[in-house]
2 protein chains.
Amino acid sequence: MIKKKISINDIARSLGVSKTLVSLVINNKSDIHGISKITQQKVWDKIKEMNYKPNLMARNLRLGRSNTIGLIVSDISNPFYSRMARHIEDLAEKKGYNLIICSTDEKIDKEIALIKMLKNRQVDGLIISSSQKNISEFNTLLAENYPLVLVDRCIPKLKTNYVTVDNTKGAYEAVEHLIKQGYERIAAFAISPVHVSTINDRIQGYLKALKDHKLNYGNAYLREIPFDNVKAAVKKEFKKLIEGKNKIQALFAINNNIATACMEAINENRIKVPHDLALVCFDDVDLFKLTSPTITAVAQPIDEICENALKFLFAEISSKGAAEKKKITLATKLIIRRSSVL
Amino acid sequence: MIKKKISINDIARSLGVSKTLVSLVINNKSDIHGISKITQQKVWDKIKEMNYKPNLMARNLRLGRSNTIGLIVSDISNPFYSRMARHIEDLAEKKGYNLIICSTDEKIDKEIALIKMLKNRQVDGLIISSSQKNISEFNTLLAENYPLVLVDRCIPKLKTNYVTVDNTKGAYEAVEHLIKQGYERIAAFAISPVHVSTINDRIQGYLKALKDHKLNYGNAYLREIPFDNVKAAVKKEFKKLIEGKNKIQALFAINNNIATACMEAINENRIKVPHDLALVCFDDVDLFKLTSPTITAVAQPIDEICENALKFLFAEISSKGAAEKKKITLATKLIIRRSSVL
DNA sequence: GTGAAAGCGCTAACAG
DNA sequence: CTGTTAGCGCTTTCAC
């Protein structure tokens, strides 16, 4: 059995003092309360001797906080989110906060359940890359002044903090780059749910680039890949698109997972990139510079995203949700590699 | 300001009943206490009406648990660990547990501090891929019957649960594969700290394979890359090893990060793989089948690792640390790709 | 300089 | 069937 943990009471009793005194010492408030150095030392000695550790759950209950922040993303094993998680972890730790990480698999209900659960756990603030279509859950959070910042995916009409990148522009630049290389029939593989801001914005960027450059086929080459069946769906659609008279010349993958699946489809079909088909992708992943060929990608400033998100979140936390809501959109960077340059 | 949260007391008062009653209803114990259906319904209605959410921190303090498990790894953005985290998250969630994820950057002191912090937070159990050299911290945990399972990296002499893979054999097979392909001067890039069981075992596997096949240069081609400077160090060592008369013919990268760095070094030096140099790697990553060339890798059964780890951990939790300590070593699988086959 | 007492929100033993 | 009471471990106001 786990040994009975020793509490502040045990320290107090064995020292013949009150637990108030011990608490004051522990929390470095003994000086302002004028507690003698001698007593202070005695307390510290006893704490060490008995190997006392404060119970943070009790402290937090009393203080009405948890020193925990919740991070909700679609899938923590996606390298984009795991890099984000890592950076957030580091920044949070500096302020004494820990991170509870939750994945939704793009399931709206699961996301809502997770938000509720984290609130019930008294998490001090939430960082969410949301799959939500409906904003009512967030309106509730806002009405409660719950510290919240949306990252990656945002909901502009919502009066809350967010930090994202210019997805439309990033996609536009990627597709424009393809056009300038002479490619005309450019397909795009989006991922469901398409209502998510990042995905939708990237689609808009794609469509706008086509239009601005007089490629008038609209969304004829736009495909939506279901989140839970990426590989199979990509393969199937890919096969269709590379056949026939109007077969595509280039492909825009809307995120790193789609790009990876595209590369597999490309290899299976023995397509030569960029000779037979060019590829660009939104999201950069370390290994994209080692694939064959290396993959042109739209890189996001992950560190900056996290730094801003936490700055906003801590402002909310310290103001109890009364901070001015800030919205920031960072720039992406197109990294041109071999998959799009003949 | 955050609105005053409503508590079980508010429900009880507004219903003119005791909070005991409300608590019983909430916890589905009303039937065994014979509380009338009518009263039950009234409670539920009021809960909905007032939008009451139980404060889990208070409940957990009372119950002496947190429904949280701590996961400590060297770096959550390493794909091996992020995939592990994801799977653990899913399994834990099914049992109503959440995950606090912490990265150590291989810093022993940080790991110890994190263990203490998580204990103070009353985390119900710990899953650790430890960088520890000294086992005293774990002995303390064991003496306290703290639910613990080591994953990935283990400390065999410790009487605790662990689940790992046969790193020695995995490395042996990888290196033997190289030898059978005719390569003789095979270097290995390990990563510090080398005392970590997985790394050490892989080194032993490498050395044993050399020895068993009469390659008697011992550790002449073994290099240790510092964890916090992988790319630069790999490049530097790589350059040295591919020059001169005894230049190497093959390279064994001890984990996925090292492999990635090796690939970059290979490209920079315009080395042709596998013609000029073969490469095998411990850890498989999705994108390794898309690199140029594709990379031969020792794959670990991540899902199985996690399933066992959680099975052990929950056994500890439910028995309050009195479960029989289990140790399991799973098999790896060598996935042969182009980087090692002429 | 120090202590008593209240209370954070919850559960559970016991009483009736 | 329902309520009283105690207490998880901690902080903090107020009193001496």
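Any value given below was found using the heavy atoms of this structure, including those in side chains, with hydrogens, waters and symmetry copies removed. Per chain, numbering begins at 1; letters A, B, ... match sequence-line order.
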Taking [atom1] from [X] and [atom2] from [N], how many angstroms apart are they, rounded to a whole number?
{"X": "B:Leu61", "N": "D:dG7", "atom1": "CG", "atom2": "C1'", "result": "9 Å"}
{"X": "A:Asn67", "N": "D:dC10", "atom1": "CG", "atom2": "C1'", "result": "14 Å"}
{"X": "A:Asn9", "N": "D:dC10", "atom1": "CG", "atom2": "C1'", "result": "9 Å"}
{"X": "B:Arg62", "N": "D:dC8", "atom1": "CZ", "atom2": "C1'", "result": "6 Å"}
{"X": "A:Asn60", "N": "C:dG9", "atom1": "CG", "atom2": "C1'", "result": "14 Å"}
{"X": "B:Arg121", "N": "D:dC8", "atom1": "CZ", "atom2": "P", "result": "22 Å"}
{"X": "A:Asn120", "N": "C:dC10", "atom1": "CG", "atom2": "C1'", "result": "13 Å"}
{"X": "B:Arg65", "N": "C:dC10", "atom1": "CZ", "atom2": "P", "result": "14 Å"}

- [ ] Residues of residues 13-38 of chain A with any non-hydrogen atom less than 4.0 angstrom from an atom of DNA chain D: list those, numerically ordered, please.
- [x] A:Lys19, A:Thr20, A:Ser23, A:Asn27, A:Lys29

Open item on the list: Please determine whether a side-chain nitrogen or oxygen atom of B:Arg59 lies at a distance below 4.0 Å from atom OP1 or OP2 of C:dT11.
Closed with: yes

TODO: May I ask you to verify if any side-chain N or O of A:Thr39 is less than 4.0 angstrom from the OP1 or OP2 atom of C:dT2?
DONE: yes

Open item on the list: Once you apply a heavy-atom cut-off of 4.0 Å, does B:Leu63 come out as touching a base, just sugar-phosphate, or nothing?
Closed with: sugar-phosphate

Task: For B:Lys46 against B:Ser14, the heavy-atom pair lying closest together - done: CE-OG, 3.4 Å

Open item on the list: B:Lys159: which residues meet the side-chain contact (heavy atoms from CB on, under 4.5 Å) condition with it, sequence neighbours left out?
Closed with: none

Task: Counterpart residues, side-chain contact (heavy atoms from CB on, under 4.5 Å), relative to A:Gln40 (two or more places apart) - done: A:Val25, A:Ser30, A:Asp31, A:Ile35, A:Lys37

- [ ] Could you name each residue pair satisfying side chain to side chain donor-acceptor pair (under 3.5 Å) that touches residues 16-25 of chain A, not counting sequence neighbours?
- [x] A:Ser23-A:Asn27

- [ ] Answer yes or no: is there a side-chain heavy-atom contact under 4.5 Å between A:Arg153 and A:Gln132?
- [x] no

Task: Partner residues of B:Arg121 under the side chain to side chain donor-acceptor pair (under 3.5 Å) criterion, sequence neighbours left out - done: A:Thr68, A:Asn98

- [ ] Could you list all the ring pair (Phe, Tyr, Trp, His ring centres under 6.0 Å) pairs where at least one residue sits in residues 81-101 of chain A, not counting sequence neighbours?
- [x] A:Tyr97-A:Phe314

